[in-house]
Every structure is written in C-alpha cells, then in structure tokens.
K.L.:
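Here it is: the structure, laid out below.
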Number of protein chains: 4
Amino acid sequence: MSVNRSVVVYGINNFRVEKRERPEPGFGEVLVKIEYSGLCPSDIKIIRHGGRLVRYPVVLGHEMAGIVEEVGEGVKGIEVGERVNVAADIYCGTCKYCRAGRENLCERPLTFGYNIDGGHADYLLVPREGVPKAIFKVPDGLSLEVASMTEPVACVVHSMNAGKVSPGDSVAIVGEGPMGLLHVLLAKIYGAGSIAVLGLVDKKLKLAEELGAEKLYNRNNYPNIEDILRENPDGFDKVFLTVVNKTTLEESLRLVKKGGRVVIFAGVPANSVSFSLDPNIVHYDEVSLVGSSSYLYVEYAKALKFVSMYQRELSKIISHRFNIDEFEKAVATWDDKENSVKIILTR
Amino acid sequence: MSVNRSVVVYGINNFRVEKRERPEPGFGEVLVKIEYSGLCPSDIKIIRHGGRLVRYPVVLGHEMAGIVEEVGEGVKGIEVGERVNVAADIYCGTCKYCRAGRENLCERPLTFGYNIDGGHADYLLVPREGVPKAIFKVPDGLSLEVASMTEPVACVVHSMNAGKVSPGDSVAIVGEGPMGLLHVLLAKIYGAGSIAVLGLVDKKLKLAEELGAEKLYNRNNYPNIEDILRENPDGFDKVFLTVVNKTTLEESLRLVKKGGRVVIFAGVPANSVSFSLDPNIVHYDEVSLVGSSSYLYVEYAKALKFVSMYQRELSKIISHRFNIDEFEKAVATWDDKENSVKIILTR
Amino acid sequence: MSVNRSVVVYGINNFRVEKRERPEPGFGEVLVKIEYSGLCPSDIKIIRHGGRLVRYPVVLGHEMAGIVEEVGEGVKGIEVGERVNVAADIYCGTCKYCRAGRENLCERPLTFGYNIDGGHADYLLVPREGVPKAIFKVPDGLSLEVASMTEPVACVVHSMNAGKVSPGDSVAIVGEGPMGLLHVLLAKIYGAGSIAVLGLVDKKLKLAEELGAEKLYNRNNYPNIEDILRENPDGFDKVFLTVVNKTTLEESLRLVKKGGRVVIFAGVPANSVSFSLDPNIVHYDEVSLVGSSSYLYVEYAKALKFVSMYQRELSKIISHRFNIDEFEKAVATWDDKENSVKIILTR
Amino acid sequence: MSVNRSVVVYGINNFRVEKRERPEPGFGEVLVKIEYSGLCPSDIKIIRHGGRLVRYPVVLGHEMAGIVEEVGEGVKGIEVGERVNVAADIYCGTCKYCRAGRENLCERPLTFGYNIDGGHADYLLVPREGVPKAIFKVPDGLSLEVASMTEPVACVVHSMNAGKVSPGDSVAIVGEGPMGLLHVLLAKIYGAGSIAVLGLVDKKLKLAEELGAEKLYNRNNYPNIEDILRENPDGFDKVFLTVVNKTTLEESLRLVKKGGRVVIFAGVPANSVSFSLDPNIVHYDEVSLVGSSSYLYVEYAKALKFVSMYQRELSKIISHRFNIDEFEKAVATWDDKENSVKIILTR
Ligand SMILES: NC(=O)c1ccc[n+]([C@@H]2O[C@H](COP(=O)([O-])OP(=O)(O)OC[C@H]3O[C@@H](n4cnc5c(N)ncnc54)[C@H](OP(=O)(O)O)[C@@H]3O)[C@@H](O)[C@H]2O)c1
Ligand SMILES: NC(=O)c1ccc[n+]([C@@H]2O[C@H](COP(=O)([O-])OP(=O)(O)OC[C@H]3O[C@@H](n4cnc5c(N)ncnc54)[C@H](OP(=O)(O)O)[C@@H]3O)[C@@H](O)[C@H]2O)c1
Ligand SMILES: NC(=O)c1ccc[n+]([C@@H]2O[C@H](COP(=O)([O-])OP(=O)(O)OC[C@H]3O[C@@H](n4cnc5c(N)ncnc54)[C@H](OP(=O)(O)O)[C@@H]3O)[C@@H](O)[C@H]2O)c1
Ligand SMILES: NC(=O)c1ccc[n+]([C@@H]2O[C@H](COP(=O)([O-])OP(=O)(O)OC[C@H]3O[C@@H](n4cnc5c(N)ncnc54)[C@H](OP(=O)(O)O)[C@@H]3O)[C@@H](O)[C@H]2O)c1
Ligand SMILES: [Zn+2]
Ligand SMILES: [Zn+2]
Ligand SMILES: [Zn+2]
Ligand SMILES: [Zn+2]
C-alpha cells in the first residue's frame, strides 16, 4: 500500500485530502506509517488564519503515532516495525535558547504541519535533524491511538511546570476543551488538592469531574466571576488559561491568590488581545504571570510515561474518530463544541 | 540620657521631631537604643501620601541598627549591650501566608514606622511578637551605620530570588537611586555576567559603575529605548524595575529576552498606574512578570551576611548623614535627586 | 476534671502513668486539653534507651491533638475551645540553622516528650516560645484523632522533599510500619508512578497496597535483593529507608537507579551502625545520599492539609486504640509487630 | 598541510605520537583542525591504567579547540573557518538518562579519546551523532587556547550545580590541581562567601588565592584536620573533593556543616577505595553526599560563557605549553606536581 493520503493546506481556507507519493527516506531519514493523528485547534487556526511559521503548501498535523516503515541509510538505533511517537517540533539544538535548555523557544524549529509536512497523512517523513531525537518509542501496552495524544499531554506537562503545581495546590482551569481536560488530569497527577474548572458546556464539565475536578462552573450559570469567588473566598494558588481573551485575563487576576501564578497557556492572533494590568497586583501581591508554550523533550518523554500510566483516563477525552478521508467532517465536528472533545483521525 | 527624640507623623504633611518619653519594655519586650536609621522613599510616601497600613500618629522609620538598652521580664537570649538590627516587619507567623513560607505577604504584620512606632527615634520598643524573631545580632566587625542598611539589602535579596538571578545572567536595572544601586551590588554577588543601569543622573550612574555595572544609560542621552536595544540586541535575561510607571513597564517588555523575567520591585499609589499587556509576550515568548515586595526572615539573615561582606561597597552609597534633629533637612536633601543617594540619620 | 494523667519517664525502663496537677498557663502560655496522642517508636526508644536530648523526669509524647483549655495573660489569636494540633518541636528561631531556613536542625529546640513535658497526658502546657508558632488550628471536618497523626505525616512530607519525589517517579520504601505506610500515601500524593514496599509482615504489606503500593515484597519470601532487582531491572528513582541497618543501607545502593536518591529516614543508636560506601557509586552514578529528620513548620502546615484531605486513608493505619491509663498495654501491643500498626492513646 | 600528528594509545603504557592520514569527513561529519588541546588527568589514567570505556587503539584527548577545516555532505549551519569547541562527549540523546535530562549518565556515549579518536591530534573528526550538538562556536574575543579549557570548566559548572553553591556559602575545596583551582574560580562566580583550599603545594595554593580563595591550608603544615576545624569552627556549607581517597572522604564529613553537601568530584579505580559511613551523619545532620561526573550540554554552553568572561583568570592556571610532538615531555611535566598546573598542547 503505497498511496499516501495527505491533508494538504494550500493557503487560507484552501485545503484538500489528496493522494501523494509515499516519500523515500534519504540518508539519515526515517519514514513512519502513521496510524493515528489528533486534530488540534492549531490545525484549524492554520486552515482559517494561517500562521507566522506556516509554509504553504504543507501537510497538516503534529500529533501522531505510528510504525517505522523504512529507515534511510546511516540510521542507527531505530528499527523498521517499531511503534513510535514523533514530537511536533524538531528543535535546532544550537541556537541560544536550545543551548540554554529553553528549546521550546528555539529560533529555528522544524515543526510538522507548519514548515515541514506533518502527520495527517499515511506517511510521515522525519528529516535527518529529527533523527533520533524527535522519535520516541511507544512503550509496550500503550495503544497507538492514545499514544497520539502524547504531544498535547507534553504541552500540559510544560504548563504544570510553568505553574509549579505542587501537592496540595488549589487549581483553577479556564476552558474545558481537550486542553482544559488534560490540565485536570495532569493537575491531579501533580497532587493538586482541589481543582475547579470554568467552562461553557455541561457535558464536558462532567468529563472534567470524571478526571478529578471537584468544582465545576458553567459560566452560563455563573456569568459573574464574583459568584465563583464567593464560593472560593481564598482564591486559587494557580490559574491556567486555556482560553485567552480580555475577559479571562482580567478574571484570572481576581481568581488567583496572593503569591499565586497565572499561566497563559494559549496564544492569540497577533495584536488581537490586550488587557490592562495594575502593576500593584504583581508587586504587592506577588502574583506571577507566566507563559507555557510547547514543551521540552524531557517533558515529552515524561508525558509519554504519563500517557502509558493513564491510558484509560485519556481515552475518555476522545469523543470522535474519523478516517483521514473524512477530514472535512472532522473539521465540521470540531466546530460543534457542544458535542466534540478530542477528535482522532484513523487510517 | 532618657530623652527620646522621635520623628512623629500626625497625618499627611504633618510631622515633627519631638521629645518623647523613653518607653519601658514590658513582659517579653526589648528596648533598643537606635544609633543609625536610614531614610527610605517609603518614609517620604507616608509623610506626603499616607498609606493603607499607616496608623497615625506614628514614629517613622524602619531601617535601623542599635544597641540593646533594656530587656523586659521573660526575655531570654538577648542581652543588654548587644549590637542589633531589627527587621522592619514582624510577621504574624500563623496566617495562611506565613504558614506557607510566604511571610512577606503576611495578613497582619506589625511594621515599624507604619502601624507601630519605628526607628527614627532614640529608642525603639520591640513588641513581644517580634522577640526574638525580628531581632538580628550584628556580627563583629560590621559598623552599626552600615548595618542599618540591612533592611533595604534584604528587599533586594528577595528581588534577586524573585528574578532567579543566576551566574552569567545579563541584567538590566531601571533606576539608579539607592535601590537601583543595591540591585547592582547584589546582581554582582549573584554572579550576573553583565549589568546595565538605566537612570537619569550621571553622578549616580558613576556609582553604579563602581559597584559593578558595565553599561550605563542616562535616559537624558538615550531617550529612545530603541537606542539601548541597538547596543543590546540580545536583550536582557532579567529586568528589574525600581521605577514603576507606564513607560518603564512597557519598556521592560522590550528590554527583556524571550524566556526572561521582569521583576516589579516598586509599588505605585493605588490605581495610579496601569499598562496594556499583550498576552502573547507572556505565552509565546515565555516572559515572566513577577513581583518583589519586602523579604523573608531567611533573606534578612542572608542580607546581614552580605552587608558584613560588602561593607566597603555599601558605604559608598551613603551620600549624606544628618542628625535626627535635622530630619527636615534630610527630607529636603532627599528631594535633591541630583545629589543625594542614601541618607542616614545619626544620633 | 482537673486530674492530669501523665505518662512520666524517670529513667531507662522506669516509667509510670501518674496523676499530676493540671498545669497553670503563665504569661504567654497556652494549656491544651489533649484528646488523642499517638505512640511513636521514639517513645519506645526513650523508655528503653534514653536519648541525647531527654531530660528526666519527663512526660512522654509528641504526636497530639486537643482543645485549647486556657490561655495565659498576653496571648492573642488563640481562643479557649479551639481545636488544635501542637508540633513536636519548638524551634528557637534564631540559631544559625533556624535563620537559614533549616529549622529542623535547630541548635536548641524545645521538644515535647524529650526536654519539655509532652502529650501523653490529659493536659499539655505550651511554653511561651511555642506560642503561637507551634500551635496549628485543626480545620473543620478533620477529626482530632486523625489530626494527632499530623506530626508523623509532617516528617514524611519532609522526607518526600528530601527525596525530591516528583510525578512519575518509581519509589521503593523499606519498612512497612506506620512510617513506611505513610511514605506510601505521601509518595502517591506526590505523583509517584510506581511504589514498591519491602517489608516483613503480609498484613501490613496488604495495607500498603490499599494505600497505593503496586509492588509488595515480603523479605521472608524475597530474602535475596537480587530477586527483587530481577523484577525491577531498571531500579528505583528514589529509595526511602524507614529501617536503617547495615543490610538495608547496602541494599539501598543496589535498588537505586543511576542518578537516583537514597533517603535515610531513621536514626540509629549512636555508633551502632556503619556501612562501607564505594565513592564511585556517588561519583560516576550520581546517586545522592540524603537524610530526612523532623520537618519545617511550613511542612507541618502542608501535612495538616494532607491529613484533612486523606482522613479516610490515614485512619486505616490505626490498628489499636488504648486509653492513656492502659499505656503499658499499648507498649506491649507495639512490640507485637505482626499485628500492630499505628497505636493511638485516647482519653 | 595534511599530515595528522596524533597521540595514539595502543594499550596500557603503550602510546606514541604518530603521523596519520588526515580524515575525510563523510556524510554529516565535520573535520576540525585542532589548535590547542589540554592534558587531563584522565589522559594519564588511560595511558597507565586503561579504562572501562576505552577502545584501543585510540587517539587521546578530549579538551580541544580549533577551526572547522571541512564539512561533510549534508552539514548545515557549520561553516569552514569557524572557530569551535567540541564537547568531550556525544550523548546518545535517546537512552533513558538522556531522555530524563541526565545526559551525563548516558548509557552509550561516544567520548573523544576513549571510544572514538580524540583531540591530541592535528585533526579531529566529529561523527554525525555529534553534529551539530557537540560543536560549540567560540565567541569572538576568546582565544582558542583558553577556549580549550571549556571542557574542564563545564565539569566544574556541573559540580557547582551538584553542590548547589549559592551566594554567601562557605566552601572548602580539597585539592589544588587544575580542577581544584577551577573550583575556586567557579565558586567565586557563584557568589561563595568564603573559600578554603586544602592542598599540598604552596605555589599552587598561591594561585588559588589569586583566584579568590581566602583560606589556604597546606596539609604538610596542617596534617590534622582538627587544626583546620579549629580555625573554622562553623564548618563549611559545601565541601568539594577533587582528591578522593579514604582520608579525604572521612575528613569531608568532619569539614561539612550540618545541612551541608559533600560533592565527590573524582572517580577512583574500581574497588580501590571504600570508607565507612555513619548513617546518623546523613540522617540527623542532614548532610548530603552527592556526585559530579561530567556535565550537561547546557552546562557546557554556560561554561563557554564563563570562559569568555574570565579569560584572564583562566590563563593563570596554564603552567606549561608543549608542542604535540613533545607529548612525552608533557606527561613527564604532569608528574612534576610541584611545578605543573594546566598543561596545554600546541600545534
Ligand atoms: N501551550 C501550548 O503549547 C498549547 C498546545 C496546544 C493547544 N494550545 C491552545 O490551547 C487552547 C485550548 O485548546 P483546546 O483544544 O482545549 O480548545 P477548545 O476545544 O476550543 O477548548 C476551549 C474550551 O473553552 C470553552 N470556553 C470558551 N470561552 C470560555 C470562557 N470564557 N470561559 C470558559 N470556557 C470557555 C470552550 O467552550 P465552547 O466550545 O462552547 O466555546 C471550549 O470548550 C487553544 O487556544 C490552543 O491553541 C496551547
Ligand atoms: N520591593 C521592596 O520591598 C522595596 C523596598 C524599598 C523600596 N522600594 C521601592 O523602590 C523604589 C526605588 O527606591 P529608591 O530608594 O532607589 O528611590 P529613588 O531614590 O527615588 O530612586 C529612583 C531613581 O530612578 C531614577 N528614575 C526616575 N525615573 C526614571 C526612569 N524613567 N528611568 C530610569 N531611572 C529613573 C530617579 O532619578 P531622579 O532622581 O532624577 O528622578 C532616581 O535616581 C521606590 O519606589 C521604593 O518605594 C521597594
Ligand atoms: N525522620 C523522622 O523524622 C522520623 C520520624 C518518626 C519516626 N522515624 C523513624 O522511622 C522508623 C520507622 O518508624 P515506624 O513507626 O514505621 O517503625 P516500625 O513500626 O518499627 O516499622 C518498621 C517496619 O519495618 C519492618 N522491618 C524490619 N526490618 C526490615 C527489613 N530489613 N526490611 C524491611 N522491613 C523491615 C518491621 O517489621 P517487623 O515489625 O516485623 O520488625 C516493621 O514493620 C523508626 O526508626 C523511627 O524512629 C523517623
Ligand atoms: N567530575 C568530573 O567530571 C571530572 C572531570 C575532570 C577531572 N576529574 C577528576 O578530578 C581530579 C582532579 O583533577 P586535577 O587535574 O586537579 O588533578 P591533580 O593535578 O592531580 O590535582 C590534585 C591535587 O590535589 C593534591 N592532593 C593530593 N592529595 C591531597 C590531599 N590529601 N589533600 C589535598 N590535596 C591533595 C595534589 O597534590 P600533589 O600534586 O602534590 O599530589 C594535586 O595538586 C582527578 O581525579 C580527575 O580525574 C573529574
Ligand atoms: Zn534552537
Ligand atoms: Zn502572617
Ligand atoms: Zn534554632
Ligand atoms: Zn544517552
């Protein structure tokens, strides 16, 4: 089977599933037969708004797991037939951020689905720069489907570290989409003493509860942040924003406790959002504002461990599965926020 | 000599040096004969604007060193004649912040010169709550005059920790008053690889250079931040704001490197300043905004160690000495920013 | 009821329950009516071997919870009738270790049941040095019985911190007595990925399993450490010794992974144990040997939070309850290691 | 000039300088013209005792700096003519230690001068696995001679981190060879409050003083550790052993303060040394024993920064320069401990 179905984006709102050639791995390269790939809000952003890093045409997709199909000349330590995960980013390793251990801030990453062809396809070619460092072996006993969720989990591991979540912390999470739900699971793993989720859809809040959240606030019923504060007079040690806009930013500074941390987990379209900050909240109350963007490779490795350990919980987040041929249907389903959570593309 | 000259504030812009009774230490209390006390911008703020915590009338002053004059009944481990420093704050020890090791955020501190009588006086009464924890013995060989600077040094130790200054860091410090200059000295001690100071007065910038800064920017000559950035294209790992206003806040986000930290070291009058923050700087660039307010006792103890070690450097920061009787003259001199740096009140 | 039944130790193997006067709280002191106190191996050590810090005669007991009965003159913020925990140690607050934030190494602590009268009594007098810092309010909803276990939990929180247990870690715990079992519970809270317990008694290993351990090794069935290593070829990230002797020390260095940590949680009689260490294990394999002794107050406060959250789990560890009058029976039961776990003295 | 003089070791005590072919860089490989390489005690160990990792015949040398001579096909981002440093180790990047961020414990490193041909030669071939990650650009203004000392400095940066040296710490360093002296320099950079060096040769102790040590102990004059303790009654926060034997290990536990750390910086021949450890020192006094072996790449990058900043100080440590042709003379000089410190091989 050497047809290579690929979701190719040609420009804004211009994409199609097409049949491409199966790539040939060159010197030092690795070809992976993708089995599962996850739909991510970034995919939708790329389709609808493009992105600074995007280079058209590009095959979309950066959450993926599969089986090594072929290895190029000179590749050592990676065998045909091995089950693998491929990280979304191939950090350069030598820019000043990589050298300082802040590789997620790399000045010239290769990112699948952005500036190199990604994982919504039958085959993924891993360029030499990513071999072996971006290829992670999937542990025995972990399904490839769940393994394809390692990338978003790695982002949330990074977020936990940015938030310095420690045992006993009270945590508030804004947003109950896939990333909000992963924040619940990870906060639990990191020992959070209590977890509150602020969202919009009861069905998804119910899922948050199954994953370990005790306090659920549907903002349709709790439009005023004061009402949430009244039930949580002490505030929260850590507030995570998976939804970022003027309102959530301003509310986060009300939710957070003195000495606490607000983690800004999501980006916004350039220059689309700004909010007014009173420096006294940072100075006198020592509230820290920190960001979490992508992950380090050590966090990806740790994520893979957690994905193995919490396979059952993670599979609860999957709401839909579509064959890659039905990519458009997957996108339409993504828009149905009432009913969709994590959407996985099968082959 | 039992006259107790005291700088008493009765309300906004209403203060005088008056002769009070020498206090009598009650059960568990300690009376200190103050030898030196430092004038701090907070003193001026209290005189001119008041403050949330201030309880009139109050004796001003919270940077002080002296000699134990008398101890109340039940006091153990503190002897008459010992040379001591008294911390500015007596943290309660039991509120949720104290219990979490964030005592500088204490919910009910007693603070000398704010809600209990302070150190611009001949005698300081340390209440039972502060005995022994707020009393620190001055090491042999350290002059009491320099010892009186331990409090501001402790604030800057806390600031270094908030900024996580580590060896090799490039550091920018905004402001070249006493606190800016102490930031230079401490950044040097913490191993900073390069130190830039942005200020307004050449004479004080010269002092910054003597203390270890390599790059000096008089904003009168460098009105545009771009010109400073051109000479520092990499930006700074850590930016410390000892002057906080809309402009310095906005500039700090230009000066700081991706992955860096901005430390807001000074408070502003309530609701007087706000600035517009683009969340993408925090999210994508992982710039952290953190505050530094006051200090922990362990930082005060560490500060005292540094004060002992760097006595010679610290005394350079002292520009004027006035007898406590001349308090008004001290205030007038403080206003002469061209010429004054640290002002010490003698007895 | 002002009889004060007290377990008084007069010397080695010389103790009795006697009826003493109810103490009167002096200036700044607090009197607590003890409801529950826990029997600790240290109590047995003091009875049978004495101890460096012990000052005879002394009332035994340092794990205790009760109700404030009376407060001395000058006490603020502590009210009669409040439910409280009292920490075992009153650290001095001013020695070099206290000032460095290492208060558990305090040079002159007052320790209940050692050098001041402790909690195996109807009444506990908290000396002025411990008011308010050593008194912790018991949260609503937490039973005083379980609250009396806060002290050992605090020791184990300190141990987790010494071991830097972080999410996903593989942990081995040697010993399945009360302290071993608390290590299981706390390792779980700290996110351990897998927990193995090495013990001697199946019944207690079963308890370990209920608390979250997956791997149970009864050393009667696994006399050779090789057999345990064969089932755990990767070794353990962290090894905790609640039983310390030449054999467990030597085995710990086999169990631990390269880059891992061995935490020595228990002391031994002076000069009774030593073992031979190959420095290459520390150098080349970067195995760290660290100790955990007592706790910081911030850890005690955190422990109290965990005790509230995990009340149900903690009560499983209690195997016996005896009235304080039956203290000798409690000691005899302690010796029956097959059947006893945590023993609580009621009133 | 394509002759490639190389110091080749054929077995124990069997080495010679021979003229080899200049290697040709294959796909993805880089050829460096070495200008300077440092003689390290490990080189001597390999010559005289061999080593677990060593694969004969091998070209010796792992501290080196030079100029890129030729790049193989497919190499990007590294240009002919660039001045570079090459790290001693090429970590695999995928073993469990590399994935956990403990790459210095890598299970299958390629190490120059051990299992791949090293830097005591005219040319160094960097294998594909090390391109680009093990190649570091030498900053402008840094001489290649001093740059060749980056590798040992990186080891000492790792040691500072293992020892958690923080501003104000009192530090004792055992050994005043090149590594002891680098510990002095780095401890100073990390803000050590006081530095003591225990050595054997006054001339080298004098160098330690120039680099920032205040207390110098020639063990010929201070044979009893008690005499050193008498002058340092508080002990030391951190003790670094660059000389490891039964005596220095036992003494380190006397030198270190309660709550302090002993860093074992050097390995010993397998099974040649062991010492008897009282677990109570670790438990009650919370003394930590930790190891430091090699470095992480982020530490190498940081070391390169320090090497640039402290070029003048580092060049003081160089006692001798020999042309690579005179390698035997260099070895003989190394044996003359009275007179030699760092020996650099020129070309
Ligand atoms: N840091 C990183 O490395 C990283 C990695 C991956 C993703 N992300 C970002 O993370 C964000 C979340 O991803 P996701 O997959 O979870 O997206 P999502 O499915 O859009 O989830 C967001 C959820 O928040 C709800 N919501 C919207 N406005 C809200 C409000 N004001 N308060 C509370 N909840 C609100 C939404 O409800 P409705 O559906 O009803 O609107 C939705 O359920 C995205 O912006 C993505 O780009 C960041
Ligand atoms: N975090 C804490 O715990 C803590 C403790 C103590 C003090 N503080 C605060 O720290 C602040 C600084 O204290 P300080 O004693 O150093 O005060 P200061 O003497 O007023 O020093 C500020 C210096 O900054 C200069 N400056 C003003 N605007 C500037 C600008 N835009 N860019 C660069 N420099 C500028 C001033 O120059 P001119 O004099 O010419 O105006 C002055 O030399 C105060 O607000 C104080 O309340 C905080
Ligand atoms: N770090 C601190 O601050 C701190 C605080 C409190 C207590 N401690 C110390 O912690 C230690 C443990 O306390 P505990 O209350 O748990 O004592 P314990 O009840 O004596 O528990 C020890 C358990 O380990 C078992 N055991 C004995 N030898 C063993 C071996 N070689 N391998 C595995 N298991 C073995 C014992 O079994 P058998 O019963 O069958 O012998 C017993 O069940 C005591 O030494 C205590 O002093 C330290
Ligand atoms: N951790 C790592 O990654 C790493 C990296 C590189 C090197 N190392 C190791 O570090 C060690 C030191 O290297 P180096 O280049 O500094 O070696 P060195 O030149 O042999 O230096 C050791 C110095 O210590 C002196 N000395 C000997 N016994 C002593 C004692 N009992 N007390 C105090 N001083 C004593 C020696 O004096 P005499 O000369 O008079 O004997 C010599 O000056 C070596 O074992 C090396 O293998 C470790
Ligand atoms: Zn990079
Ligand atoms: Zn408080
Ligand atoms: Zn103490
Ligand atoms: Zn490796």
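Within every chain, numbering begins at 1; the chains are lettered A, B, ... in the order of the sequence lines, protein sequences first and strands thereafter.
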K.L.:
Examine whether an atom of D:I135 lies under 4.5 Å from a heavy atom of chain A, and if so say whether it belongs to the side chain, the backbone or both; otherwise answer neither.
P.N.:
backbone

K.L.:
Of all heavy-atom pairs between D:A100 and A:V298, which one has the smallest distance, and what is that distance?
P.N.:
C-CG1, 3.8 Å

K.L.:
If you round to the nearest 0.5 Å, how far is OG1 of D:T94 from CD1 of A:I78?
P.N.:
7.5 Å

K.L.:
Between D:G74, D:C98, D:G28, D:G93, who has the most heavy-atom pairs with chain A when the cutoff is under 4.5 Å?
P.N.:
D:G74

K.L.:
Under 4.5 Å from any heavy atom of chain A, what part of D:E129 do you find: side chain, backbone, both or neither?
P.N.:
side chain

K.L.:
Among all residues two or more places apart in sequence or in another chain, which pass the salt bridge (Lys or Arg N to Asp or Glu O under 4.0 Å) test with A:E70?
P.N.:
A:R22

K.L.:
How close do A:C92 and D:P132 get, heavy atom to heavy atom, and via which atoms?
P.N.:
O-CG, 4.2 Å

K.L.:
With sequence neighbours excluded, give me every ring-ring contact (aromatic ring centres under 6.0 Å, His included) pair touching residues 90-112 of chain D.
P.N.:
D:Y91-D:Y297

K.L.:
Using heavy atoms and a sub-4.5 Å threshold, report which of residues 142-164 of chain A line up against chain D, by residue number.
P.N.:
none

K.L.:
Quick one: side-chain hydrogen bond (donor to acceptor under 3.5 Å, both in side chains) partners of A:E313, sequence neighbours excluded?
P.N.:
none

K.L.:
Please rank D:K133, D:R108, D:R128, D:K302 by heavy-atom pairs under 4.5 Å with chain A and give me the top one.
P.N.:
D:R128

K.L.:
At what distance, to the nearest 0.5 angstrom, does NZ of D:K305 lie from CZ of A:R99?
P.N.:
13.0 Å

K.L.:
Which region of A:K76, side chain (C-beta onward) or backbone (N, CA, C, O), has a non-hydrogen atom less than 4.5 Å from a non-hydrogen atom of chain D, or is it both or neither?
P.N.:
side chain

